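Only one structure is covered here, and it is reproduced in the block below.
None of these values were measured; they are calculated from a predicted model.
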Amino acid sequence: MSQPTSRPRVSARLAAIAESATLAVDAKAKALKAAGRPVIGFGAGEPDFPTPAAIVEAAVAAAQDPANHRYTPAAGLPALREAIAAKTLRDSGYAVRPQDVLVTNGGKQAVFQAFAAIVDPGDEVLLPAPYWTTYPEAIRLAEGVPVEVFAGADQGYLVTVEQLEAARTPRTKALLFCSPSNPTGAVYSPEQTAEIGRWALEHGIWVITDEIYEHLTYDHAVFTPIQRVVPELVDTSIVLNGVAKTYAMTGWRVGWMIGPADVIKAATNLQSHLTSNVANVSQRAALAAVSGDLTAVEEMKLAFDRRRRTIVEMLGAIDGVQIPVPQGAFYAYPSVEGVLGREIRGVTPTTSAELAALILDEVEVAVVPGEAFGPSGFLRFSYALADDDLVEGVSRVQNLLGEAQPR
């Protein structure tokens, strides 16, 4: 009697997914802290502020209303979709219809569903690097092919139209555009944004634009919605956003996508089978957030800006470290290529992953290596943590890297 053929227990599709590096670093840092070690974590992109009180109060009231104890439309509460449309007009300067808004379980579901809605097997998606760690995994889950287009520190981490054109092929279906950027904090100027948008329009390339850091810009940088400067993209672009970063609501899990009617219908159909509606209490909290003023947001932004200046100054003082000044979000992304290959406490790291491991082992500071976002040679520091912890953590890194021996 023949033996049955051995088959993998886990599907190839899911087995190929890499763990979220940022969440893995954050989890390890928290586990070490729970064990009593004085770890300082720069890993997670999560504001350290509580959600504003008025938003929490709206959620408490919603939890007491039996109407929120039942299923609601998969695409989102009508009142929230209307409020997101109004907020888009207020903040981005162009009109969208409520029916073209889909409320999702956090920004990540919006990312996944955007690629799932337009990408077919073998389609290529241009992915400016450094990129957020989830993008390539979501593209692959849609059976697309991520095509990295790298811009280093010498370019301020901003890709050019010339680079995008060099990467374009007949299989290019879409471009992922993220400004302000995670992980670099880079912000494209209005002129750069318009040039990229016109290029995509000329070549019939979809633009998936992640605008979740829209309110976090500094100095003279401004957030530029690509649909506002190239309105003709309305039929071939998808806008991703959410309440997590702006309103310190990472745990509430409310995001959204805005797009053409056929795309939103397809994504809504998927969501109706995948998760159905977002939790109603969270939707009511998001309604209070997007309908309210931005006073609390501006207060948080002042703190982020202060921390940004501090971390840039401190990291820039380390020999071998190059750091373009981040203009948005709450990340610093220094190049540490000048440190690699130098001996530090008997160890010679040759990759940023090895350097990040050394930093955690030796001085108990958790950072995310550049390999999570593209090429090696970089570290990501989230400065969304308390000022004292930030100074202490970077001081430890300064002291450790200050011991690097000359090549």
[X]/[Y] ion pair, N-O < 4.0 Å:
{"X": "K173", "Y": "E124", "result": "no"}
{"X": "E364", "Y": "R37", "result": "yes"}
{"X": "R97", "Y": "D100", "result": "yes"}
{"X": "D48", "Y": "R307", "result": "yes"}
{"X": "D219", "Y": "R308", "result": "yes"}
{"X": "R309", "Y": "E313", "result": "no"}

Distance-only donor-acceptor check, side chains [X] and [Y], under 3.5 Å:
{"X": "Q271", "Y": "T104", "result": "no"}
{"X": "Y71", "Y": "N280", "result": "no"}
{"X": "S237", "Y": "W206", "result": "no"}
{"X": "D91", "Y": "H215", "result": "yes"}
{"X": "E298", "Y": "T295", "result": "no"}
{"X": "T351", "Y": "S376", "result": "no"}
{"X": "Q322", "Y": "E337", "result": "no"}
{"X": "E137", "Y": "T133", "result": "no"}

Work out which heavy atom in [X] is nearest to a heavy atom in [Y]; give both atom names and the distance.
{"X": "P183", "Y": "R380", "result": "CB-CD, 3.3 Å"}
{"X": "T250", "Y": "P47", "result": "CG2-CD, 4.0 Å"}
{"X": "T172", "Y": "T169", "result": "OG1-N, 2.8 Å"}
{"X": "V290", "Y": "R90", "result": "O-NH1, 3.4 Å"}
{"X": "L89", "Y": "A95", "result": "CD1-N, 4.0 Å"}
{"X": "P260", "Y": "V234", "result": "CG-O, 3.7 Å"}

Without swapping roles, check the side chain of [X] against the backbone of [Y] for a donor-acceptor pair under 3.5 Å.
{"X": "N277", "Y": "A74", "answer": "no"}
{"X": "E148", "Y": "P128", "answer": "no"}
{"X": "R171", "Y": "G122", "answer": "yes"}
{"X": "D123", "Y": "D120", "answer": "yes"}
{"X": "T193", "Y": "S189", "answer": "yes"}
{"X": "D387", "Y": "D389", "answer": "no"}
{"X": "R342", "Y": "P406", "answer": "no"}
{"X": "S291", "Y": "A288", "answer": "no"}
{"X": "E371", "Y": "A353", "answer": "yes"}
{"X": "T310", "Y": "R306", "answer": "yes"}

Mutual orientation of the aromatic rings belonging to F49 and F304 [parallel < 30°, tilted 30-60°, perpendicular > 60°]
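Perpendicular.
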
Apply the test salt bridge (charged side-chain N to carboxylate O under 4.0 Å, His left out) to residues D65 and R70: give CA-CA distance (whole Å), side-chain angles for both, the deciding distance (0.1 Å), then the verdict.
CA-CA 10 Å; D65 183 351; R70 302 288 183 264; over 6 Å; no

Are [X] and [Y] close enough that some pair of their side-chain heavy atoms sits under 4.5 Å apart?
{"X": "F42", "Y": "V394", "answer": "yes"}
{"X": "E403", "Y": "E343", "answer": "no"}
{"X": "P146", "Y": "Y135", "answer": "no"}
{"X": "V145", "Y": "V125", "answer": "no"}
{"X": "I264", "Y": "V101", "answer": "no"}
{"X": "T350", "Y": "E354", "answer": "yes"}
{"X": "T160", "Y": "Q155", "answer": "yes"}

[X] [atom1] to [Y] [atom2] distance, which is reported to the nearest 0.5 Å:
{"X": "I205", "Y": "W199", "atom1": "CD1", "atom2": "CH2", "result": "3.5 Å"}
{"X": "E214", "Y": "S92", "atom1": "CD", "atom2": "OG", "result": "5.0 Å"}
{"X": "E191", "Y": "T224", "atom1": "CD", "atom2": "OG1", "result": "8.0 Å"}

For K108, enumerate each residue passing the salt bridge (Lys or Arg N to Asp or Glu O under 4.0 Å) test, keeping only those at least two apart in sequence or located in another chain.
none

Counting heavy atoms not belonging to [X], are there more than 12 under 6.0 Å from its [atom1]?
{"X": "K87", "atom1": "NZ", "value": "yes"}
{"X": "K301", "atom1": "NZ", "value": "yes"}
{"X": "D154", "atom1": "CG", "value": "yes"}

As a test of understanding, state which of I344, L379, V336 forms a side chain to side chain contact (heavy atoms under 4.5 Å, CB included) with I359.
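Considering I344, L379, V336, a side chain to side chain contact (heavy atoms under 4.5 Å, CB included) with I359 is found only for L379.
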
Kindly indicate, with the supporting measurements, whether the criterion ring-ring contact (aromatic ring centres under 6.0 Å, His included) is fulfilled by F373 and F378.
CA-CA 9 Å; F373 312 106; F378 305 85; 9.9 Å; no

Criterion ring-ring contact (aromatic ring centres under 6.0 Å, His included) against Y157, the qualifying member of F150, Y131, Y333:
Y333

ring-ring contact (aromatic ring centres under 6.0 Å, His included) against Y213, all qualifying residues, sequence neighbours excluded:
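Testing Y213 for ring-ring contact (aromatic ring centres under 6.0 Å, His included), a comparison that skips the adjacent residues, returns F330, Y331.
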
